[in-house]
Number of protein chains: 2
Amino acid sequence: MVAATRKADFARYKAQAQVLKALAHPSRLLMVEELSHGERCVCELAGMVGAQMPTVSRHLAQLKHAGIVEDDKRGAQVFYRLKTPCVMNFFQCVTSVRENADR
Amino acid sequence: MVAATRKADFARYKAQAQVLKALAHPSRLLMVEELSHGERCVCELAGMVGAQMPTVSRHLAQLKHAGIVEDDKRGAQVFYRLKTPCVMNFFQCVTSVRENADR
DNA sequence: GACACGCTTAGCCACTTGGCTAAAAGTCTC
DNA sequence: GAGACTTTTAGCCAAGTGGCTAAGCGTGTC
């Protein structure tokens, strides 16, 4: 059963890594923080990030795939919002890690 | 000052992304969880991860560079330990994100 | 229907990541 | 110092990432 347990653990770590990877990009972090203040359409986020819309759209697709945001099409626009506001807890943790790292 | 603020924000997001990226790999997550139970030498971790030692050594170098672990050379061996146990808080957060994602 | 608008997809590119093997470097024993 | 042992570094390669432009697709307006 040890092998089976390790296999299950590995699958769990892989899934967790997927979520972390989705957050591990400056532009995506910026978007997540912005979305914590309320829903935004793609063009608004593109303006803030300072990248082309196709690029931003793909970043959002990654966040959506990881289950961090969800989209809502209204007319010609698509609004994104945080699906799991708990994500914001990361920011504190990450900051404290960084502060310890600098020490 | 808006431009300067945005620039500083971007630098902050970039630093945070570095920490998240360091954690965003199944093998590294496994090692971090293992290290949360106490210090381990490289060969022990290599056995758990199931990878070659050079590979594990490089993963550990990434974690060290991100400020997540620190090393302690004792004789021919190198022991690693968590520098910021706070990292363990991530696991809960990530899990809850995943559960919401599956829903 | 024609057009503008917002967003996504596809294709291309440079760059990074993560695995391996081989070689080097440091430490302990004899 | 020779040899065994642990760890790191270097070099290679396949696969993934992230940016761009161009093209496609759905929606609202005239």
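This structure is a prediction, so every number in the text was calculated from the model and none was measured.
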**Partner set under side chain to side chain donor-acceptor pair (under 3.5 Å) for His59(A), not counting sequence neighbours** = Arg28(A)
**Fill in**
Contact string for nucleotides 4-9 of chain C, one letter per nucleotide 5' to 3', B = base within protein heavy-atom range under 4.0 Å, S = sugar-phosphate only, - = neither, reads --SBBB
**Request:** Identify, with sequence neighbours excluded, every residue that meets salt bridge (charged side-chain N to carboxylate O under 4.0 Å, His left out) alongside Lys14(B).
**Result:** none
**Asked** To the nearest Å, how far apart are His65(B) NE2 and dT17(C) P?
**Response** 11 Å
**Complete:** Sequence neighbours excluded, the answer for salt bridge (charged side-chain N to carboxylate O under 4.0 Å, His left out) partners of Glu44(B) is none
**Item:** Residues touching DNA chain D, which here means a heavy atom under 4.0 Å, drawn from residues 29-37 of chain B
**Value:** none
**Item:** Short side-chain to backbone donor-acceptor contact, Ser36(B) and Glu33(B), under 3.5 Å
**Value:** yes
**Partner set under salt bridge (charged side-chain N to carboxylate O under 4.0 Å, His left out) for Arg58(A), not counting sequence neighbours** = none
**Item:** For Glu34(A), all residues meeting side chain to side chain donor-acceptor pair (under 3.5 Å), sequence neighbours excluded
**Value:** Arg40(A)
**Prompt:** Is Val78(A) close to Asp72(A) at the side-chain level, that is, under 4.5 Å between some pair of heavy atoms?
**Reply:** no
**Request:** Using a heavy-atom cut-off of under 4.0 Å over every strand shown, decide if Lys21(A) touches base, sugar-phosphate, or nothing.
**Result:** sugar-phosphate
**Asked** Which is the 5'-most and which the 3'-most nucleotide of DNA chain D that has an atom under 4.0 Å from a heavy atom of chain A?
**Response** dT17(D) to dG28(D)
**Message:** Going by the rule side chain to side chain donor-acceptor pair (under 3.5 Å), which residues pair with Lys73(B) if we only count those two or more places apart in sequence or in a different chain?
**Reply:** none
**Request:** Have a look at Arg28(B) and say if it touches a base, only the backbone sugar-phosphate, or nothing, with a 4.0 Å heavy-atom cut-off.
**Result:** sugar-phosphate
Contacts under 3.5 angstrom, residues 17-25 of chain B side chains, donor-acceptor by atom type, not counting sequence neighbours:
| unit_1 | atom_1 | unit_2 | atom_2 | d |
| --- | --- | --- | --- | --- |
| His25(B) | ND1 | Ser27(B) | N | 3.1 |

**Prompt:** side chain to side chain donor-acceptor pair (under 3.5 Å) with Gln52(B): which residues, sequence neighbours excluded?
**Reply:** none
